[in-house]
Amino acid sequence: MKKRMNYISWDDYFLGIAELSAARSKDPNTQVGACIVSEENKILSVGYNGMPAGCNDDEMPWGRKGDFLDTKYPFVCHAELNAVLNSNHDLKGSRIYVSLFPCNECAKAIIQSGIKEVIYTCDKYADTDGTKASKMMFKMAGVKTRQIKQEHLVKILPI
Ligand SMILES: Nc1ccn([C@H]2C[C@H](O)[C@@H](COP(=O)(O)O)O2)c(=O)n1
Ligand SMILES: [Zn+2]
């Protein structure tokens, strides 16, 4: 008997784990998940966007508009930053799978931690200056970026 052939690729596997992590997010508008993987395809960390530890997410604002302090933006920790901070491992040479292209703040954390490749699916904020800054920094720092489609798994997040 031969081995099973239609197993999922490493990319689909780790992207699936990033998507599953995103399903933990309480953000009503955008749920993001990230999974950091070593050169040996071992999972080093995962994360999703949410309020900082100890900040009661029932009491924090989740809106997008209005006074800055009445929105989620100054408070929420992004999925990629959480994944970097959640890890107890050296991230040098690793790659990060993320369901949305990293913002400029996360791009800095990704570069400084030694991650060498960003694999992402969605790029819905491509036209923003933040994403443009991320792309500039990744290029200058030699961090590869690659967009892939989720081929084999149904999207986990509810529509
Ligand atoms: N690469 C990213 C981009 C965004 N996030 C988080 C931050 C917020 O919780 C949400 C964005 O909210 P929106 O403006 O789309 O309502 O997604 C992230 O974790 N990683
Ligand atoms: Zn970010």
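Given the structure is predicted, the values throughout are model-derived calculations rather than measurements. All values below come from the heavy atoms of this structure, side chains included, with hydrogens, waters and symmetry mates left out. Numbering of ligands and ligand atoms starts at 1, following listing order.
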Exercise. Got the closest protein heavy atom to atom 17 (O) of ligand 1, with its distance?
Worked result: N49 ND2, 3.4 Å
For this session: Using 2.8 Å as the cut-off, note every protein N, O or S atom close to the Zn ion (ligand 2).
Result: H78 ND1, C103 SG, C106 SG
For this session: Enumerate the atoms of ligand 1 whose separation from the nearest heavy atom of N29 is less than 4.0 angstrom.
Result: 13 (P), 15 (O), 16 (O)
Exercise. Within the distance-only criterion (no hydrogens, no angle test), does the side chain of N86 pair as donor or acceptor with the backbone N or O of S45 below 3.5 angstrom?
Worked result: no
For this session: Using non-hydrogen atoms of the residue, decide whether Y73 is closer than 4.0 angstrom to ligand 1.
Result: yes
Problem set entry | Check ion pair D11-R146 (N to O, under 4.0 angstrom) | yes
Problem set entry | Heavy-atom gap P102 to ligand 1 smaller than 4.0 Å | yes
Exercise. Without hydrogens or angle criteria, can the side chains of S134 and T131 be said to hold a donor-acceptor pair below 3.5 Å?
Worked result: no
For this session: Just need the protein heavy atom nearest to atom 3 (C) of ligand 1, so name the residue and atom and give the distance.
Result: L100 CD2, 3.4 Å
For this session: Please list all pairs passing the side chain to side chain donor-acceptor pair (under 3.5 Å) test where one or both residues lie in residues 71-80, with sequence neighbours left out.
Result: D27-K72, R64-Y73
For this session: Note the single closest protein heavy atom to atom 8 (C) of ligand 1, along with its residue, its atom name and the distance in Å.
Result: D27 OD2, 3.4 Å
Problem set entry | Protein heavy atom at shortest distance from atom 2 (C) of ligand 1 | E80 OE2, 3.5 Å
Exercise. Is it the side chain, the backbone, both or neither of R64 that has a heavy atom closer than 4.0 Å to ligand 1?
Worked result: side chain
Problem set entry | Shortest protein contact, atom 19 (O) of ligand 1 (heavy atom only) | A79 N, 2.9 Å
Exercise. Does a donor on one side chain and an acceptor on the other come within less than 3.5 Å for R24 and N49?
Worked result: no
For this session: Among all protein heavy atoms, pick the one closest to atom 11 (C) of ligand 1 and tell me residue, atom and distance.
Result: T30 CB, 3.8 Å
